[in-house]
Novice: 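I have a structure I would like to understand better, so I am pasting it below and will then ask my questions one at a time.
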Amino acid sequence: MSGTAFDRWLAVWLALAAASFVALLARPAQYGRYAPPRRRFSVPARWGWLAMESPAVLGFAAGFVAGRAPRGPVAWSFLALWLLHYVDRAWAYPFRLGDPRRPMPLEIVGLGVVFNLVNAGLQSAWLFTLSGGYRASWLADPRFLLGVALFGAGLTVNRLADARLRRLRAAGGYALPRGGLFELVACPNYLGEIVQWLGWALATWSLAGLAFALWTIANLAPRARSHLAWYRQRFPEFPADRRALVPGLW
Ligand code: NDP
């Protein structure tokens with residue numbers, strides 16, 4: 001892909017993120033708690049997650065192998081960070097789901113596959129070809145160091161919050177989550193995920209990385225708002241000052 005074609009893809013990609021943000025504010029994606037009870041065209045959630053997220057692992061790895069820029073320690077670091085997140089999300093998370101047989105509409109799976117293919121393609125095309133390769137000195141750059149720290153902090157918050165939700169699920173159905181960041185926001189798992197990809201944007205110092213962070217916000221900020229409304233409706237004891245995603249703000 002040439003640099004100009006890449007820029008065009010990125011512009012379209014960013015416009016689609018903005019459109020998704022607006023659409024998802026109006027209607028949350030119909031999976032998880034919003035999944036219609038019975039659907040003709042659906043698959044069990046476990047297989048849906050596996051199918052949606054696997055292209056992120058495989059597409060990025062293929063981009064790494066096919067990359068034409070010199071492959072130094074920075075490229076290997078980006079590969080390691082990506083796989084740290086996506087091997088778990090694609091191939092472990094689906095087997096930890098509270099209710100793996102819950103139906104997931106096929107259109108969600110299809111959109112997830114397309115999103116992950118395009119996103120993995122854009123990230124890896126930039127990092128491993130179009131950037132021309134990162135010098136080893138980037139490993140000591142404050143943008144890289146702070147970005148990796150944010151990535152690690154976000155990933156930790158996301159995994160701990162998801163684990164807490166899973167324990168609630170194992171105890172039987174939906175419940176009001178308590179403790180840790182759940183005292184401040186309804187969706188600390190989403191907050192962690194957003195911080196993680198903002199860290200990625202900083203560490204890669206790239207428009208492609210920024211586009212991914214913005215897409216993550218477009219997907220998760222509206223969903224966090226829907227979750228907040230859902231909790232308030234379902235649990236009258238839900239604390240009035242608990243926000244959706246960002247303590248004290250959103
Ligand atoms: P949710 O928070 O809706 O659900 C996470 C898991 O916890 C699900 O198994 C859910 O069950 C269960 N759960 C949630 N709330 C409760 C509760 N109150 N009581 C009991 N169980 C509960 O997250 P998503 O399914 O939307 O996302 C899963 C992961 O994927 C998250 O880590 C998220 O950050 C990430 N993600 C990232 C995106 C991106 O753009 N980067 C986009 C979408 C998700 P059930 O599914 O049955 O509701």
Novice: Considering only heavy atoms from C-beta outward, does the side chain of Leu184 approach that of Arg243 to under 4.5 Å?
Specialist: no
Novice: Any link between Leu145 and Leu155 through a network of hydrophobic side chains (Ile, Leu, Val, Met, Phe, Trp, Tyr) touching at under 4.5 Å?
Specialist: yes
Novice: Just to verify, what does Trp76 make a side chain to side chain donor-acceptor pair (under 3.5 Å) with, not counting sequence neighbours?
Specialist: none
Novice: Taking ring pair (Phe, Tyr, Trp, His ring centres under 6.0 Å) as the test, write out the residues that go with Phe151, two or more places apart.
Specialist: Trp197
Novice: In chain order, what residues pass the side chain to side chain donor-acceptor pair (under 3.5 Å) check against Arg169, with sequence neighbours excluded?
Specialist: none
Novice: I'd like to check the side chain to side chain contact (heavy atoms under 4.5 Å, CB included) partners of Thr204; sequence neighbours left out, ordered by chain and number.
Specialist: Phe78, Leu127, Tyr134, Trp200, Ser206
Novice: For the residue pair Val109 and Ala51, what are the closest heavy atoms and their distance?
Specialist: CG1-CB, 4.0 Å
Novice: Quick check: are there more than 12 heavy atoms from other residues, nucleotides or ligands sitting under 6.0 Å from CH2 of Trp9?
Specialist: no
Novice: Please tell me if the side chains of Met52 and Met104 come closer than 4.5 Å, counting only heavy atoms from C-beta onward.
Specialist: yes
Novice: Which residues pass the ring pair (Phe, Tyr, Trp, His ring centres under 6.0 Å) test with Phe238, sequence neighbours left out?
Specialist: Tyr231
Novice: If you look at every heavy atom in Leu50 and Ala90, which pair is closest and at what distance?
Specialist: CD1-O, 3.1 Å
Novice: Okay, side chain of Gln30, backbone of Pro28: is any donor-acceptor separation there less than 3.5 Å?
Specialist: yes
Novice: Counting heavy atoms not belonging to Arg135, are there more than 12 under 6.0 Å from its CZ?
Specialist: no
Novice: Has Arg232 got a side-chain atom pairing as donor or acceptor with Ala240's backbone, closer than 3.5 angstrom?
Specialist: yes
Novice: Check the side chains of Asn189 and Asn158 for a donor-acceptor pair under 3.5 angstrom, ignoring hydrogens and angles.
Specialist: no
Novice: Locate the shortest heavy-atom distance separating Ser77 from Phe144; write the atom from each residue and the value.
Specialist: CB-CZ, 4.1 Å
Novice: Could I get the full list of side chain to side chain contact (heavy atoms under 4.5 Å, CB included) partners for Leu198, not counting sequence neighbours?
Specialist: Ile194, Ala213
Novice: For Ala175 and Phe235, which heavy atoms make the closest approach, and how far apart are they?
Specialist: C-CZ, 3.6 Å
Novice: Mind checking the CG-CG spacing from Leu130 to Asp7? Nearest 0.5 Å is all I need.
Specialist: 8.5 Å
Novice: Are Val185 and Pro188 side-chain neighbours, meaning at least one heavy-atom pair lies under 4.5 Å?
Specialist: yes
Novice: Is the shortest heavy-atom distance from the side chain of Tyr86 to the side chain of Phe60 under 4.5 Å?
Specialist: no
Novice: Is the shortest side-chain heavy-atom distance between Pro103 and Val43 below 4.5 Å?
Specialist: no
Novice: A side-chain contact here means heavy atoms from C-beta on lying under 4.5 Å apart; do Phe41 and Pro105 qualify?
Specialist: no
Novice: Please round to the nearest 0.5 Å and tell me the distance separating atom CG of Leu84 and atom CG of Leu79.
Specialist: 11.0 Å
Novice: Taking salt bridge (Lys or Arg N to Asp or Glu O under 4.0 Å) as the test, write out the residues that go with Arg223, two or more places apart.
Specialist: none
Novice: When clusters are formed by joining ILVMFWY residues with side-chain heavy atoms under 4.5 Å apart, either directly or through shared neighbours, do Val195 and Val148 land in the same one?
Specialist: yes
Novice: Look up atom CH2 in Trp138 and atom OG in Ser131, then write down how far apart they are to the nearest 0.5 Å.
Specialist: 11.0 Å
Novice: Taking side chain to side chain contact (heavy atoms under 4.5 Å, CB included) as the test, write out the residues that go with Trp215, two or more places apart.
Specialist: Trp13, Leu16, Ala17, Ser20, Phe115, Asn219
Novice: Do Val12 and Ile217 belong to the same hydrophobic cluster, where Ile, Leu, Val, Met, Phe, Trp and Tyr are linked whenever their side-chain heavy atoms lie under 4.5 Å apart, directly or via other members?
Specialist: yes
Novice: Is the distance between the ring centroids of Tyr174 and Trp230 under 6.0 Å?
Specialist: yes
Novice: Quick check for you: to the nearest 0.5 Å, what is the distance between Ser124 atom OG and Phe64 atom CZ?
Specialist: 10.5 Å
Novice: Flag yes if Tyr34 and Phe21 sit in one hydrophobic cluster, no otherwise; membership is Ile, Leu, Val, Met, Phe, Trp, Tyr, and two members link when side-chain heavy atoms are under 4.5 Å apart.
Specialist: no
Novice: If two hydrophobic side chains count as joined below 4.5 Å and joins carry through other members, does Val246 share a cluster with Leu150?
Specialist: yes
Novice: Which pair of heavy atoms, one from Trp82 and one from Asn119, lies closest together, and at what distance?
Specialist: CH2-ND2, 3.8 Å
Novice: Hey, could you give me the CG/CH2 distance between Leu245 and Trp250, rounded to the nearest 0.5 Å?
Specialist: 8.5 Å
Novice: Rounded to the nearest 0.5 Å, what separates atom CG in Leu10 from atom CH2 in Trp126?
Specialist: 9.0 Å
Novice: Considering non-hydrogen atoms only, spot the tightest contact between Ala120 and Pro55 and give its length.
Specialist: CB-O, 4.1 Å
Novice: Evaluate the side-chain proximity of Tyr93 to Asp162: yes if any heavy-atom separation is below 4.5 Å, no if none is.
Specialist: yes
Novice: So, are Asp88 and Arg159 salt-bridged, with charged N and O less than 4.0 Å apart?
Specialist: yes
Novice: Could you note down all residue pairs passing side chain to side chain donor-acceptor pair (under 3.5 Å) where residues 141-152 supplies at least one of them, sequence neighbours left out?
Specialist: Asp141-Arg143
Novice: Within the structure provided, determine whether Arg225 and Leu25 are in side-chain contact (heavy-atom separation under 4.5 Å).
Specialist: yes
Novice: Return each pair, listed once, that meets salt bridge (charged side-chain N to carboxylate O under 4.0 Å, His left out) where at least one residue sits in residues 175-200; pairs must be two or more places apart or across chains.
Specialist: Arg89-Glu193, Glu183-Arg242
Novice: Just grab all the salt bridge (charged side-chain N to carboxylate O under 4.0 Å, His left out) pairs involving residues 60-84, residues at least two apart or on different chains.
Specialist: none
Novice: Is it the case that over 12 heavy atoms from other parts of the model lie below 6.0 angstrom from the CG atom of Leu210?
Specialist: yes
Novice: Return the set of residues passing ring pair (Phe, Tyr, Trp, His ring centres under 6.0 Å) with Tyr190 (not counting sequence neighbours), or none when no residue passes.
Specialist: His227
